[in-house]
Amino acid sequence: MSESFYITTPIYYVNDVPHSGHAYTTIAADVLARWHRLHGHDVFFLTGLDEHGQKVQRAAAQAGIDPQQHCDRLMPHFRNLWEKLTIAHDGFIRTTDTRHHAVVRQLLHTLYDRQLIYRADYTGWYCTFDERFWTEKDVEQGNCPDCGRPVEQLSESNYFFRMSRFQQRLLDHIADNPTFIRPESRRNEVLGFLQKPLEDLSISRPKSRLSWGIDLPFDRDYVAYVWFDALVNYLSGLEYLPPRPSVDRFWPATVHLVGKDILTTHAVYWSTILMALEIPLPHTIFAHGWWTVNSEKMSKSRGNVIDPYTMVKQFGADAFRYFLLREIPFGQDGNFSLESFIGRINSDLANGLGNLVSRTVTLIERFCAGTVPCPDPAACAEQETELQAAATSLLQIAMPHHLRSDRIAYNRALEAIWSVVQLGNQYIDKTAPWVLAKAPAHEKRLSTVLFHAAETLRFLCLAIAPFMPNTAQAMSRQLGFQYDFSRALLKNPVAWGDGPTATTVVKGPSLFPRIAIPPQHGASMEQSASPRTMPSTPSSPEPDSNTSSVSHSTQESDCITIKDFQKVRLKVAKIIAAERIPKSEKLLRLRVDLGTEQRQIVAGIGKTYSPDTVLGKTVVVVTNLKPAKLMGVESQGMVLAAGDTDVISLVALAGDVAPGTTVK
Ligand SMILES: [Zn+2]
């Protein structure tokens, strides 16, 4: 039996539609689940919804519907978002599932039978919003220490779980298992919390106050406290969700991912409940940080909530996934700004990865008839050894290290991947295949270089797959090896040179078109993310649209706007006369028909074309270029041609177009 890996997100409270915080945790879990599937591990990835409790009951009442209807309405918002974000969860649990109810009741009964649950009267300060009691010392000037709302004194008879009994055992467990609570700062917080005497936990709510919950099996006048109900999902999900995973197979959980605000609930409540039930504790509880927006807390009232649906629609799921995990260390708080998001898309994705893929495929198409060539060991140099070592250690050392579930450093893993992306781009710059292609003597070297560039991309797409599944798929398609990333592609170490041979590359659309930076920096998301500032087509040419940019990546400062581009008037023209200019081997004097007029153009295409070979050709001409004299002959425009230094080809049109037609 292969190693099992069970990862969970918290189940999300359905009092409202999903936000970026939900997306963050779920994406993070998805990456680890995919990483383990690639290694052939037995993976179960559970997420779902917490559908009971006061806030759900209240939201439903406000909408004038019953709570179940409210949950059923909100559920698709979550499921659809996971689909849009390419989340591949194995189980989706809802706490309104009757089979979940059965498990909760059974566990409550066990605790009751063991006399770990008792009934008592309790008087305390109650916050209706957070549905919890506070002690006198917690309350801050009559307000809830959590949400700041006024608390009220309430006396109630409730059922309590003897949590206090497990305080020492929990402290011992944390001491004996240094990776139980991660990261270290959060572990210290929990240890600090456990310095104070642990109280017993109220696990019931009287139905007179809250009816939307699971009935206590031993007293029908009460429902279970929503947190008790919710935490049990990690076990109940294993009991009944298809495809019938089992508790034996997956428990204890490898890692519970939680936001830092619910760490105590997991590290203390859940742990002691498990201890009382004599069920082993999860291996790791990893608490991540929160996102602020332009350095302010994300909140509806501020109107700065990042809508994950909008992000996916405008920038794509993979770019969003990449940014959230690349921008800040998992575990720390981070700041979301559209500017830095777009900055990363342009620098890391468009100029970095997108450019490497596009230029590699273009070079193989151009110089190897579209087939990934075979390398010649005799033509290998130190550069190839360096590339191979970097790509191999990425998959075998760096990523396994950073993605260990008690360490989880997505940003470091991505940094490691992007250092290979950078190395790949430098490799192409240094080896300059377009120069090698000019001399037949360099043929073997050229094949060797392009093989290594393609092999780098094969390693990269395996590394990227957990983070950016769509991109990995597109890369594997463009390189002609159709990887199925749901398979255990990393089960055995991937060897350099062992990929599919002689695959046919297929040029695809640009993976990451560059995005214009919105003019209003620091504006609210709604404003700056509007389509008005986000052209659907890139305003700068794709990195591979002409030969010169195959050899270097477009720099940010080189960007022009669509308006700049429109200043250049391009028209279709037909060459109606051509002759060499005396004493020049490069220049031809052309007469072109622009439909409404004829012009004389001096073109530097004479080394590649003789006058008779261009006669009658349809070309593209810049018509608003300031006239200039070349070898004493006036040129009233410019003919477009491709080539780095020397002209390789005139720019032709894909279909029949009449002279004078605008090119845009
Ligand atoms: Zn409160």
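In each ligand, atom 1 is the first atom listed, and ligand 1 is the first ligand listed. All residue numbers refer to positions in the sequence shown, counting from 1.
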Is the distance between the ring centroids of H41 and F5 under 6.0 Å?
no
Sequence neighbours excluded, the answer for salt bridge (Lys or Arg N to Asp or Glu O under 4.0 Å) partners of D333 is K260
Within a 6.0 Å radius of atom CD on Q115, are there more than 12 heavy atoms belonging to other residues, nucleotides or ligands?
no
Atoms named by residue and atom, protein N, O or S, within reach of the Zn ion (ligand 1) (under 2.8 Å)
C127 SG, D130 OD2, C144 SG, C147 SG
Which heavy atom of [X] sits nearest a heavy atom of [Y], and at what distance?
X	Y	result
A317	V312	N-CG1, 3.9 Å
T272	Y269	OG1-O, 3.0 Å
H70	V56	CD2-CG1, 3.7 Å

